[in-house]
Amino acid sequence: MRIASRKITAAGLREIFTRLHAYHGPQNWWPHETLWEIMVGAILTQNTAWRNVERALANLKRAHALTPAALRALPRARLTELIRPAGFTASKPQRLVTLAEFLRDAYADEPANLRGGALETQRAQLLALHGVGPETADAILLYVARQPIFVVDAYTRRIFTRLGIAAANISYHALQTLCMENLASDVELFQEFHALLDTHAKLICTKRAPRCDRCPLAQQCAYQKNLRAVQDRERVAPRR
DNA sequence: GTCCTGTCCC
DNA sequence: GGGACGGGAC
């Protein structure tokens, strides 16, 4: 199906943020958790619903294993059991240990030491770790290191695709660039925008049966119009 | 049963 | 660039 495409502007992107913020309210993600917990969450949430990540984090907390040193000290089988709700037990335990060792070796085991560094240097450091890809690296950079980098995930891609701003197959980097070129380089804005997009995708712009009737972006969204066009064709086509 | 969602591996 | 990886919601 052809997707109507339009060029995003800074004003257009700002309006999307404003509408989402007005509708969903301030998200204020991860305000009360430790920085290390954010790093662990960034790994655990790979291809995984956040609810399952929360279970795994609660298990780690209950086991007093939610510090990098405690995590490194856990027997591997124990670590695997604790994070089981987050799935991918063949890979995620090692990824967590890798991250904990990196933090110890490069940042004196203190996540706050990530702050104030050079963004591109830190991003390359993180991407070099086995099990850390662009989304995980950028989530850590934005929410732990407080670097002004826009985090792209499946929800971001879905919303911008449906809005008609991006092609469905747009690359991570292209969508990130598109957003960053049209937003002020502001850590708080990037943090809040990403959180709002996730909330919006979970509650309104769902993968199947999106609630367009109550969507604050419906007015500027291409999705319903395209859907309507497809439905019309399906209704009309068999008739003749 | 089917869907959801990042990274690695080939 | 297509498959494997896993648990939980629905």
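Remember, predicted model here, so these are calculated numbers, not experimental data. Here is the naming used below: chain letters follow the sequence lines, and residue numbers restart at 1 for every chain.
The CG atom of A:Leu183 sits 7.0 Å away from the CZ atom of A:Arg14 when rounded to the nearest 0.5 Å.
The distance between atom OH of A:Tyr172 and atom C1' of B:dG6, rounded to the nearest whole Å, is 10 Å. Regarding A:Asp138, its CG atom lies at a distance of 13 Å from the P atom of B:dG6, rounded to whole Å. In this structure, the CD atom of A:Glu54 is 16 Å from the C1' atom of B:dT5, given to the nearest Å. Remark: P of B:dC4 and CZ of A:Phe88 are 14 Å apart, rounded to the nearest angstrom. What separates NZ of A:Lys92 from P of B:dG6 is a distance of 10 Å, to the nearest Å.
Formation of a donor-acceptor pair under 3.5 Å by the A:Thr89 side chain with backbone atoms of A:Thr80 is not found in this model.
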Can you give me the N/O atom pairs linking the protein to nucleotides 8-10 of chain B at distances under 3.5 Å, or say none if there are none?
from, atom 1, to, atom 2, distance (Å)
B:dC8, OP1, A:Gly131, N, 2.6

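If you find the closest nucleotide of DNA chain C to A:Ala90 and to A:Arg55, the one lying nearer the 5' end belongs to A:Ala90.
For DNA chain C, the span of nucleotides reached by chain A at under 4.0 Å from its heavy atoms goes, 5' to 3', from C:dC5 to C:dA9.
Interface residues of residues 34-53 of chain A facing DNA chain C, ordered by number: A:Asn47, A:Thr48, A:Asn52; criterion, heavy-atom separation under 4.0 Å. Near DNA chain C, meaning a heavy atom under 4.0 Å from it, residues 143-158 of chain A has no residue at all.
Counting only Watson-Crick and G-U wobble pairs whose two key distances fall under 3.5 Å, DNA chain C forms stems of three or more stacked pairs at B:1-4 with C:7-10, B:6-10 with C:1-5.
In this structure the side chain of A:Met180 reaches within 4.5 angstrom of the side chain of A:Phe190, judged on heavy atoms. In this structure, A:Leu71 and A:Val97 have side chains that are in contact, with non-hydrogen atoms separated by less than 4.5 Å. Put simply, the side chain of A:Ile16 reaches to within 4.5 Å of the side chain of A:Ile165, judged on heavy atoms. Using a 4.5 Å heavy-atom threshold, the side chains of A:Leu13 and A:Phe160 count as touching. For the pair A:Phe193 and A:Cys179, the minimum side-chain heavy-atom distance is 4.5 Å or more.
Nearest heavy atoms, A:Cys212 versus A:Tyr223: SG-CD2, 4.0 Å.
Side chain to side chain, A:Gln46 and A:Arg95 meet the donor-acceptor criterion of an N or O pair below 3.5 Å. Using a 3.5 Å distance cut-off with no hydrogens or angles, the side chains of A:Gln94 and A:Thr98 do pair a donor with an acceptor.
By the rule that hydrophobic residues join a cluster once side-chain heavy atoms approach within less than 4.5 Å of another member, A:Ile149 and A:Leu175 end up as members of one cluster. The cluster map of Ile, Leu, Val, Met, Phe, Trp and Tyr, joined by side-chain heavy atoms under 4.5 Å apart, puts A:Leu96 and A:Leu57 in the same cluster.
In summary, A:Arg84 and A:Glu81 engage in a salt bridge, as defined by a charged side-chain N under 4.0 Å from a carboxylate O.
On the P atoms, B:dC10 is 15 Å away from C:dG6, given to the nearest whole Å. Using C1' as the reference atom, C:dG8 and B:dC8 are 23 Å apart when rounded to the nearest Å.
Residues forming a side-chain hydrogen bond (donor to acceptor under 3.5 Å, both in side chains) with A:Asp186 (at least two apart in sequence, or on another chain): none.
Relative orientation of the A:His24 and A:His200 rings is perpendicular, given thresholds of 30° and 60° on the angle between their planes.
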Verdict with reasoning, A:Gln220 to A:Arg19, per side-chain hydrogen bond (donor to acceptor under 3.5 Å, both in side chains): CA-CA 11 Å; A:Gln220 58 234 101; A:Arg19 284 174 180 264; 3.2 Å; yes

